[in-house]
Amino acid sequence: QKEVEQNSGPLSVPEGAIASLNCTYSDRGSQSFFWYRQYSGKSPELIMFIYSNGDKEDGRFTAQLNKASQYVSLLIRDSQPSDSATYLCAGGGFGNEKLTFGTGTRLTIIP
Amino acid sequence: GAGVSQSPRYKVAKRGQDVALRCDPISGHVSLFWYQQALGQGPEFLTYFQNEAQLDKSGLPSDRFFAERPEGSVSTLKIQRTQQEDSAVYLCASSLEGNNEQFFGPGTRLTVL
């Protein structure tokens with residue numbers, strides 16, 4: 001069992017709708033969580049990070065963390081075709097430690 | 001400012017050849033990470049440096065893989081006697097001290113024939 005699990009998708013969402021991406025993790029020692037966006041053939045780009053239980057909003061993006069349920073999610077509001085990419089969830093400790101990535105969810109926004 | 005840079009961007013090697021992949025982190029970032037990403041998978045951790053010290057090399061898949069960062073800045077990942085299963089994208093990331101927000105370079109795509 002991988003330490004970080006994601007639904008590989010593909011997930012298709014109409015333009016303008018809310019895209020919901022989910023991730024679960026098994027290591028209760030994980031303290032920090034990251035969402036990366038990866039376009040095909042490109043490297044991962046950090047879009048959100050969250051350390052505390054609850055919600056964290058940044059523009060159209062909201063990250064949610066529930067440590068009791070070991071669950072992390074990313075909501076993308078007003079989805080745009082440019083949001084079409086693979087979204088990687090990653091967990092790590094506090095400070096400088098390796099990140100453990102899920103396999104990624106491929107998101108397609110349908111115009 | 002400049003981001004993480006990696007070279008070469010693409011490398012084709014014959015099985016058995018040695019390769020060296022370079023990473024130049026963001027200026028001021030003391031932490032440097034190497035990851036391996038196979039097609040359709042998430043990045044997998046290889047090794048981690050804080051300044052010149054290699055603090056974690058638990059992800060290196062075999063003793064054919066070796067990494068160094070002698071002056072605490074540029075790092076080199078060396079793969080000896082390459083095998084077909086080494087074909088992947090090798091990603092370098094850097095972060096500030098005490099901060100786990102890692103920023104990735106463009107990667108080196110290694111193809112072993």
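By convention in this document, chain letters (A, B, ...) are assigned in the order of the sequence lines, proteins followed by strands, and residues within each chain are numbered from 1.
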Please say whether more than 12 non-hydrogen atoms of neighbouring residues, nucleotides or ligands are located less than 6.0 Å from [atom1] in [X].
X: A:Arg77; atom1: CZ; answer: yes
X: B:Leu39; atom1: CG; answer: no
X: B:Glu85; atom1: CD; answer: yes

Would [X] end up clustered with [Y] when hydrophobic side chains under 4.5 Å apart are linked, directly or stepwise?
X: B:Phe103; Y: B:Val89; value: yes
X: A:Leu11; Y: A:Val72; value: yes
X: B:Tyr48; Y: B:Leu46; value: no
X: B:Leu96; Y: B:Leu32; value: no
X: B:Phe45; Y: B:Ile79; value: no

Toward chain A: residues of residues 51-68 of chain B with heavy atoms under 4.5 Å: B:Asp56, B:Ser58
What's the shortest heavy-atom distance between A:Ser43 and B:Leu91, and which atoms? CB-CD2, 3.9 Å
Considering all heavy atoms, the nearest A:Leu88-B:Pro43 contact: CD1-CD, 3.9 Å
I'd like to know if the side chain of [X] reaches the main chain of [Y], judged simply by a donor and an acceptor atom lying under 3.5 Å from each other, with no hydrogens or angles considered.
X: B:Gln102; Y: A:Glu97; answer: yes
X: A:Thr103; Y: B:Gly42; answer: no
X: B:Asn100; Y: A:Ser32; answer: no

Please step through ring-ring contact (aromatic ring centres under 6.0 Å, His included) for the pair B:Tyr35 and A:Phe101, ending with a clear verdict. CA-CA 10 Å; B:Tyr35 292 85; A:Phe101 284 84; 5.7 Å; yes
Could you have a look at A:Pro44, A:Gly41, A:Gly104 and say which one has the most heavy-atom pairs with chain B under 4.5 angstrom? A:Pro44
Could you tell me which of A:Arg106, A:Gln38, A:Glu45, A:Lys42 has the largest number of non-hydrogen atom pairs under 4.5 Å with chain B? A:Gln38
Is the shortest heavy-atom distance from the side chain of B:Phe104 to the side chain of A:Leu46 under 4.5 Å? no
So do A:Phe49 and B:Glu101 actually touch side chain to side chain, heavy atoms under 4.5 Å? yes
Under the ring-ring contact (aromatic ring centres under 6.0 Å, His included) test, residues paired with A:Phe33 that sit two or more places apart: A:Tyr25
